[in-house]
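For reference, the structure discussed in these notes is given below.
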Amino acid sequence: MSADEVYSVEVDNLSLEFPLLKSSSDQIINLLKGKWSLVFSRNKFECLKDLSFKIKKGEVIGIIGPNGAGKSTLLRLLAGVYIPAEGQIKTNGKVALLAGVGAGFQGNLSGRENIYLSGSIYGISNKELKTLESSIIEFSEIGEFIDRPLRTYSSGMRARLAFSIASNLSPDILLIDEVIAVGDASFKTKSMDRIKEMVKGDATVIIISHSQSLLAMICDRIMCLHKGKIDCFTENSDDAIERYHLLSQQR
């Protein structure tokens, strides 16, 4: 690494396992048959295996791969939602995760109240959120719905509010899991413009998207995952997308 390079993310030999839970009916049958080893067995599924990579400050990284490759799991590890079974993750700066349509929102709270709830999750004080509130509401285009319960929102409205909150908090590292796929064309364009602004301000963006044209347009590098491993991580978007199509056909 040269003297002027700063890494936002450093991952070293990262692995994660999930337990394979059998259905309750299978467990009862094994119990009645006296098959204790099957009842108490702890089989595990290794969803990510020995991942190592570095992402420089200000890079836009795309992540692609067939379903089940481990893309969303990787983002949650980077965000600290999951704890790795092995390996290390180092992040340099404030991290914000946008996953699903307003993940972490509470349906009975208003949009305005959810702004403060989400901000507290990201570690932002109410005083700072107060200064950001009008900008968040304006960018989200929610209008008068901001004081209505979130359960009355459409999926597009929830997505706009979620993106507006996360992007206005000015995170150093923004993790996006397919959120931009939701909403109308004008808001998608607006979201892309906001991401470009963040990158110019040295923010690091890591995005999962099925829109290959989008990733080719905005990403500095693209990582292709397959069965929990890095198949390729390249600046050549065509190569990464070609690998993705080839791996998808092999499933």
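With rounding to the nearest 0.5 angstrom, the CZ atom of Arg158 is 8.0 Å from the CG atom of Asn114. The distance from atom CD1 of Ile146 to atom CD1 of Ile137, rounded to the nearest 0.5 Å, is 4.5 Å. Distance check: Leu174 CG to Arg194 CZ gives 10.5 Å after rounding to the nearest 0.5 Å. For the atom pair CD of Glu113 and CG of Asn108, the computed distance is 10.0 Å after rounding to the nearest 0.5 Å. One finds the CD1 atom of Ile115 at 10.0 Å from the NZ atom of Lys130 (value rounded to the nearest 0.5 Å).
Take Asp172 and apply the side-chain contact (heavy atoms from CB on, under 4.5 Å) test, not counting sequence neighbours, and it matches Lys94.
Proximity of Leu225 to Ile63: side-chain heavy atoms (C-beta onward) are separated by under 4.5 Å at one or more points. Residues Ile230 and Asp50 form no side-chain contact, since every pair of their non-hydrogen atoms from C-beta on lies 4.5 Å or further apart.
Between the side chains of Tyr116 and Glu133, at least one donor-acceptor pair of N or O atoms lies under 3.5 Å. No donor-acceptor contact under 3.5 angstrom links the side chains of Ser164 and Ser140, judged on distance only.
With a 6.0 Å radius and a threshold of 12 heavy atoms from other residues, nucleotides or ligands, Lys229 has its NZ atom at or below the threshold. Atom CD of Gln88 has 12 or fewer neighbouring heavy atoms from other residues, nucleotides or ligands inside a 6.0 Å radius. Atom NZ of Lys190 is surrounded by more than 12 heavy atoms from other residues, nucleotides or ligands within 6.0 Å.
Residues Leu117 and Val81 are members of separate hydrophobic clusters, defined by side-chain heavy-atom contacts under 4.5 angstrom among Ile, Leu, Val, Met, Phe, Trp and Tyr.
Checked against a 6.0 Å centroid threshold, the rings of Phe187 and Phe139 count as neighbours.
Relative to the six-membered ring of Tyr153, Arg148 misses at least one condition, a distance below 6.0 Å or an angle of at most 45° to the axis.
Between Asp177 and Lys71 no salt bridge is recorded (no basic side-chain N to carboxylate O distance below 4.0 Å).
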